[in-house]
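First comes the structure, then the notes that go with it.
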Amino acid sequence: MADYTACFRTNYFWTKDPSAFIAWVATIPGLEAHRNDPHREDSSFALFCDGSEPQHTVDGDTIDLPSELAKHLADDQVAVLMETGHAKLRYLVGTAQAVHADGRTIFLSLCDIYQQVERAFGISAVRAEN
């Protein structure tokens with residue numbers, strides 16, 4: 001059985017309270033906050049993780065990262081969360097989720113292409129993992 005290897009990151013976005021945001025990120029193992037300009041306190045942030053989107057806090061509690069992140073976003077900000085991964089190239093995964101400061105979300109997956117093929121061409125494509 002192949003191990004799943006993933007990486008996760010976001011775009012840069014502004015937060016309501018940078019100190020509270022940094023403290024919140026510190027409660028999530030593997031998640032790192034990076035300032036766009038480390039020399040400015042009012043800089044935007046991006047999140048990085050060498051692995052999948054974090055699902056738990058240091059206390060082991062389950063976390064819904066997009067909804068919790070939305071609480072920290074400045075008004076009219078959108079964070080785009082992206083993950084790519086593979087299991088020895090048998091399975092390729094790619095997802096993107098946008099979360100607005102008001103909690104609304106949009107989700108896309110690379111697997112969505114199969115529905116697009118059927119709609120656009122009227123045929124079914126053989127899936128890449130077969």
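From a predicted model like this one, the values you see are computed outputs, not experimental measurements. Numbers here simply count residues along the sequence, with the first being 1.
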Nearest heavy-atom approach of Pro54 to Leu31 is CG-CD1, 4.0 Å

Do the side chain of Thr10 and the main chain of Ala79 share a donor and acceptor less than 3.5 angstrom apart?
no

Shortest non-hydrogen separation from Pro66 to Glu53 and the atoms involved:
CD-OE2, 3.4 Å

Would you mind listing every ring pair (Phe, Tyr, Trp, His ring centres under 6.0 Å) that reaches into residues 78-114, with sequence neighbours excluded?
none

Student check: side-chain heavy atoms of Ile63 and Thr27 closer than 4.5 Å:
no

If you measure from CD1 on Ile113 to CG on Leu108, what distance do you get to the nearest 0.5 Å?
11.0 Å

For Leu92, does the CG atom sit with more than 12 other heavy atoms under 6.0 Å from it, leaving out its own atoms?
yes

Heavy atoms of other groups near Asp76 CG, more than 12 under 6.0 Å:
no

Taking atom CH2 of Trp24 as the centre, does the number of heavy atoms from other residues, nucleotides or ligands within less than 6.0 Å exceed 12?
yes

Nearest atoms (heavy-atom pairs only) where Leu73 meets Val99
CD1-O, 3.5 Å

Phe13: ring pair (Phe, Tyr, Trp, His ring centres under 6.0 Å) partners, not counting sequence neighbours
Phe21

To the nearest 0.5 Å, how far apart are CD1 in Ile28 and CG in Leu47?
8.0 Å

Hey, is CG on Asp50 packed in by over 12 heavy atoms from elsewhere, all under 6.0 Å?
no

So, the side chain of Glu83 versus the backbone of Leu81: is there a donor-acceptor pair under 3.5 Å, distance only?
no

Side chains of Pro18 and Arg35: closer than 4.5 Å at any heavy-atom pair?
yes

For Val80, does its backbone N or O pair with a side-chain atom of Asn11 as donor and acceptor, under 3.5 Å?
yes

Under 3.5 Å, side chain of Asp102 to main-chain N/O of Arg104, donor-acceptor pair present?
yes

Which atom names give the shortest non-hydrogen contact between Ala74 and Ala101, and what distance separates them?
O-CB, 3.3 Å

How far does OG of Ser124 sit from CD of Gln115, to the nearest 0.5 angstrom?
11.0 Å

Is any side-chain heavy atom of Thr62 closer than 4.5 Å to a side-chain heavy atom of His56?
yes

